[in-house]
Protein chains: 2
Amino acid sequence: MRVGMQSVQQTQNSPGVLNPGRTAPDALNLLEQFGRTVNVLRRREIYRLGEPTEFCWRIVAGCVRTVTLMDDGRRQVGEFLWPGDLLGMDDLGAHDSDAEAVTHVTLRRYPRRMVEALAQSHPALALRLRAMAAAKLRDVRQQMILLGRKTAREKIASFLVDMDRRSTATSCQLVELPMNRADIADHLGMSVETVSRLLAQLQHGGIVAVLRSGIELCDRVALRDLACESRH
Amino acid sequence: MRVGMQSVQQTQNSPGVLNPGRTAPDALNLLEQFGRTVNVLRRREIYRLGEPTEFCWRIVAGCVRTVTLMDDGRRQVGEFLWPGDLLGMDDLGAHDSDAEAVTHVTLRRYPRRMVEALAQSHPALALRLRAMAAAKLRDVRQQMILLGRKTAREKIASFLVDMDRRSTATSCQLVELPMNRADIADHLGMSVETVSRLLAQLQHGGIVAVLRSGIELCDRVALRDLACESRH
DNA sequence: CGTGACATTGACCAGCTTCAAAAATCGTGG
DNA sequence: CCACGATTTTTGAAGCTGGTCAATGTCACG
């Protein structure tokens with residue numbers, strides 16, 4: 001899922017049509033005065049299903065996952081969140097999933113009450129929040145066709161392409177994957193064994209190289225083809 | 001339910017409280033003066049992927065589906081929309097899916113430009129739009145665990161429970177399904193044959209009765225259990 | 001009635017899951 | 001720094017769910 005596209009340094013609001021002002025500062029910065037830095041250890045919860053939405057967070061460093069559980073333990077990882085992403089703004093009233101730190105995480109925490117109040121008085125912020133929700137809905141829709149209609153191989157390829165797109169800025173070939181195989185499996189709706197097998201298969205085909213530190217994409221074109229994504 | 005024609009003075013939505021109710025007068029009525037009634041025939045498109053988001057619509061009567069297609073024809077029905085639902089507000093800039101009339105549909109159409117302008121000047125409307133986006137995100141998250149982790153039987157049961165919940169007001173037992181089996185299959189990430197087989201199976205178990213006009217829920221408790229139970 | 005779209009049913013089997021176990025990696029303390 | 005246990009990942013084998021292909025049945029509508 002491509003939810004990590006906007007970075008902290010970003011200054012322009014996404015829908016240019018709606019905001020013709022030149023180089024307007026990110027409306028999210030309005031929140032900064034009410035922010036507090038928080039650190040969360042690996043695997044620790046950030047919030048749980050049903051908790052009142054007292055806060056929201058902006059990720060400064062690290063990786064976060066949102067998790068939905070079924071009674072019998074079946075798990076769905078909704079999304080991975082990265083530095084710059086906003087967490088906990090989607091839910092109104094009470095959180096409708098869990099959020100957990102995949103790695104050690106540094107967050108900037110804001111009271112939701114302040115966010116809502118500011119959004120009331122600052123249309124630019126309200127618009128920005130709506131734009132972020134819209135972007136998330138678009139990503140989720142892509143994830144739905146992945147979960148519902150793609151084969152295991154296509155799922156893995158799509159996932160790697162997404163992770164690559166997210167981290168184009170950092171390094172050239174290597175895609176670092178801070179989450180484990182179980183997280184990937186539960187994000188793609190498959191078993192850990194199948195994830196492992198298909199990564200091995202892609203490696204055998206010379207398309208990727210599975211390393212300890214992550215996955216090296218040797219043939220991005222082939223990977224993109226396998227992902228079956230026409231858009232972009 | 002008749003929606004949207006009356007010119008009711010809107011009341012302030014209380015901030016932070018999710019109020020997507022389709023009954024109470026709300027900020028959406030601000031749009032009414034810019035609305036125009038449109039009719040769309042069964043199976044006809046309302047908008048296509050990539051089209052600029054010139055309009056949005058409120059469904060007055062009928063059923064609408066949003067569709068995402070892959071190059072090879074694989075299809076995902078993202079959601080079904082019903083009277084009172086807002087269509088085409090999720091996308092910014094350009095639509096990122098198709099929308100088609102499942103039945104003959106009556107819509108109330110509004111220029112997006114007006115919606116955005118009104119949202120800028122009326123925080124209540126902006127808040128309402130964000131609440132609707134949030135509600136949709138919550139639903140989509142449920143759909144993701146359905147697609148990724150539920151068995152075919154659980155998918156069908158969940159779907160019927162959803163349809164039932166939506167139409168509690170209408171009749172007591174019968175759930176009308178205006179969409180065909182292919183739509184259901186593509187919504188749940190399975191094949192038409194499996195949809196048909198599992199409906200027959202539920203019928204054989206005395207839990208539902210498959211009728212021409214829809215599906216009669218004979219044992220809602222059993223169905224609700226099936227919707228979330230594990231496979232064994 | 002005849003026709004076409006849609007739904008159901010059956011037979012087969014491919015892809016993926018499950019169960020099991022080995023291999024690799026991580027973490028911790030001596 | 002190494003050894004050892006725990007966790008994670010990989011690999012193997014077997015089985016099942018659900019998909020595909022094909023045929024039949026049903027209904028709406030001219």
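Here is the naming used below: chain letters follow the sequence lines, and residue numbers restart at 1 for every chain. The figures here come from the full heavy-atom set of this structure, side chains too, leaving out hydrogens, waters and symmetry mates.
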When rounded to whole Å, the CE to C1' distance for the pair A/Met190 and C/dA14 reads 16 Å
Once you round it to whole Å, what is the distance between P of C/dC16 and CG of A/Leu147? 14 Å
So does B/Asp139 pair up with B/Lys136, basic N to acidic O under 4.0 Å? no
Which residue, A/Gly189 or A/Arg212, contacts DNA chain C at a nucleotide closer to its 5' end, judged by nearest heavy atom? A/Gly189
Nearest whole angstrom, please: distance from the C1' of C/dG27 to the NE2 of A/His104. 12 Å
With B for base contact, S for sugar-phosphate-only contact and - for none (protein heavy atoms under 4.0 Å), nucleotides 9-15 of chain D reads SBBBB--
For the pair made of CD1 in A/Ile156 and C1' in C/dC16, what is the distance, rounded to whole Å? 13 Å
Check ion pair A/Arg141-B/Asp91 (N to O, under 4.0 angstrom): yes
With the threshold set at 4.0 Å, does a side-chain nitrogen-carboxylate oxygen contact exist between A/Asp186 and A/Arg65? no
Taking the side chain from B/Arg149 and the backbone from A/Met190, do they hold a donor-acceptor pair closer than 3.5 Å? yes
Determine, stepwise, if the pair B/Thr37 / B/Arg108 fulfils side chain to side chain donor-acceptor pair (under 3.5 Å). CA-CA 4 Å; B/Thr37 298; B/Arg108 192 81 180 146; 2.8 Å; yes
Any base atoms under 4.0 Å from A/Arg43, or only sugar-phosphate, or nothing? Heavy atoms, all strands. sugar-phosphate
Taking CZ from B/Arg42 and P from C/dA5, how many angstroms apart are they, rounded to a whole number? 12 Å
How many whole angstroms separate atom CD1 of B/Ile184 from atom C1' of C/dT8? 14 Å
Listed once per pair and sorted, the side-chain hydrogen bond (donor to acceptor under 3.5 Å, both in side chains) pairs that draw on residues 208-219 of chain B, sequence neighbours left out: none
Take the protein atom CG of B/Leu211 and the nucleotide atom C1' of C/dA7, then report the distance between them rounded to whole Å. 14 Å
Atom pair distance, as rounded to whole Å: CZ in A/Arg74 and P in D/dT17: 13 Å
